[in-house]
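Here's the structure we're looking at; comments come further down.
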Amino acid sequence: MDPAGPSAESIAKLWWVMLAASVPLFLLVVGLFLLLVYKPQLGRRLSPRTWILAGGLGLPIPILAALTFYAFWQGEYLLRGGSELPADLVRIEATGTRWQWVFRYPEVEGNPSTVGVLHIPAGRTIEVAVESDDVIHSFWVPRLAGKIDAVPGHTNFLRLRADRPGRYGGQCSEYCGVGHAGMDFEVRAHAAEDYLNALGPGEQTP
């Protein structure tokens, strides 16, 4: 609920839209229920068939159809990382292994890697290639993007962007064994001029 990038903002917007649609619908249903409890004669004026067609089909179908269309539209937006495919896309590899995340930076000289900390440049779209070395994990940075599964033998892609420098918590959101609770990581978004410096020898794995 505190998005720091366009993908997370899209998810938050979808949540608010669904909440806004569900609250009046819920109040309407509860209101009709209470009305019929205290004034049952009103309900008897309509046949059971009318209640089913009007209340069971006529009322929810248009609302659910509109919400489904909006959700698909937002889903396409998320697949693009909250924007059209930029020319300066940054590609990073994330591998889940019990019970930690290893990140590799194939576009950076020396192909550095980090464990438990993902470094990204702020203000640029990042494409994370997510894989697993053992069981199914799930890559999730709530303030930056949605979830994507890390599946053994398969690569999934997730695009995210941090609007400003900062630190953002990430975690595995798929139960993967006894060490699952500690399989978290941190995303550090750096100013453009600091990004490569952050991948210096002190941050790399042996």
Side-chain angles (χ1 to χ4, degrees), residues 1-12 15 78-83 85-86 88-206:
M1 301 309 296
D2 183 22
S7 295
E9 184 177 355
S10 174
I11 295 172
W15 188 90
L78 285 172
L79 289 175
R80 298 194 302 270
S83 64
L85 184 63
D88 60 347
L89 186 74
V90 177
R91 292 178 171 83
I92 296 174
E93 299 170 357
T95 303
T97 180
R98 291 180 292 186
W99 282 275
Q100 63 184 11
W101 290 95
V102 178
F103 302 103
R104 296 180 179 85
Y105 308 82
E107 297 180 340
V108 177
E109 184 179 358
N111 193 24
S113 62
T114 57
V115 175
V117 179
L118 170 59
H119 297 278
I120 64 173
R124 292 178 63 182
T125 299
I126 315 299
E127 184 174 75
V128 186
V130 182
E131 301 176 331
S132 171
D133 275 347
D134 36 53
V135 299
I136 295 177
H137 302 285
S138 190
F139 180 90
W140 188 30
V141 189
R143 294 190 63 200
L144 296 182
K147 306 173 186 177
I148 196 76
D149 282 345
V151 181
H154 181 74
T155 302
N156 286 325
F157 295 90
L158 178 71
R159 291 179 187 160
L160 56 85
R161 190 179 79 206
D163 289 333
R164 55 191 177 277
R167 299 190 176 195
Y168 309 96
Q171 63 189 75
C172 174
S173 58
E174 178 78 25
Y175 180 69
C176 53
V178 295
H180 166 71
M183 193 174 170
D184 54 7
F185 61 96
E186 183 180 67
V187 178
R188 298 180 186 175
H190 305 275
E193 61 273 14
D194 298 327
Y195 170 57
L196 294 180
N197 293 333
L199 293 173
E203 286 289 348
Q204 298 178 27
T205 59

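One is the number of the first residue; the rest follow in order along the sequence.
Put simply, the side chain of Leu158 reaches to within 4.5 Å of the side chain of Phe139, judged on heavy atoms. Side chains of Cys172 and Trp101 form a contact here, defined as non-hydrogen atoms less than 4.5 Å apart. Met183 is not listed as a side-chain neighbour of Arg98, based on a closest heavy-atom distance of 4.5 Å or more. Taking 4.5 Å as the limit, every side-chain heavy atom of Thr95 sits out of range of all side-chain heavy atoms of Ser132. Residues Val135 and Tyr175 are not in side-chain contact: their nearest non-hydrogen atoms beyond the backbone lie 4.5 Å or more apart. Contact of the Val90 side chain with the Ile120 side chain is not registered, since no non-hydrogen atoms from C-beta on lie closer than 4.5 Å. Ile148 places none of its side-chain heavy atoms less than 4.5 Å from the side chain of Val128. Looking at heavy atoms from C-beta onward, Glu93 lies in side-chain contact with Pro106 at the 4.5 angstrom threshold.
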Between Asp163 and Arg161, does the salt bridge (Lys or Arg N to Asp or Glu O under 4.0 Å) criterion hold? Intermediate values first, please. CA-CA 6 Å; Asp163 289 333; Arg161 190 179 79 206; 3.6 Å; yes
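Considering all non-hydrogen atoms of both residues, Arg104 and Ile92 come closest at O-CG2, 3.3 Å. When all heavy atoms are compared, the tightest approach of Leu160 to Ser7 is CA-OG, 4.3 Å. The two atoms that bring Ala122 and Pro165 nearest to each other are CB-N, 3.6 Å, heavy atoms only. Taking every heavy atom of both residues into account, Tyr168 and Ala162 meet most closely at CE1-CB, 4.0 Å. Across Lys147 and Ser138, no two heavy atoms sit closer than the pair CB-OG, 3.9 Å. Closest approach of His119 and Leu199 over heavy atoms only: CD2-CD2, 3.8 Å.
Looking at His137, its side chain never comes within 3.5 Å of a backbone N or O of Glu174 through a donor-acceptor pair. The closest donor-acceptor contact from the side chain of Arg167 to the backbone of Glu186 lies at 3.5 Å or more, if one exists at all.
With Glu131 as the partner, the side chain to side chain donor-acceptor pair (under 3.5 Å) test is satisfied by one option alone out of Thr155, Thr97, Asn156: Thr155.
Taking the side chain to side chain donor-acceptor pair (under 3.5 Å) definition, one finds that Tyr105 meets it with Thr114, sequence neighbours left out.
Atom CD of Glu107 sits about 11.0 Å away from atom CG of Leu196, to the nearest 0.5 Å. Atom CD of Glu127 sits about 4.5 Å away from atom CZ of Arg159, to the nearest 0.5 Å. Between atom CD1 of residue Ile126 and atom CG of residue Leu118 there is a gap of 8.0 Å, rounded to the nearest 0.5 Å.
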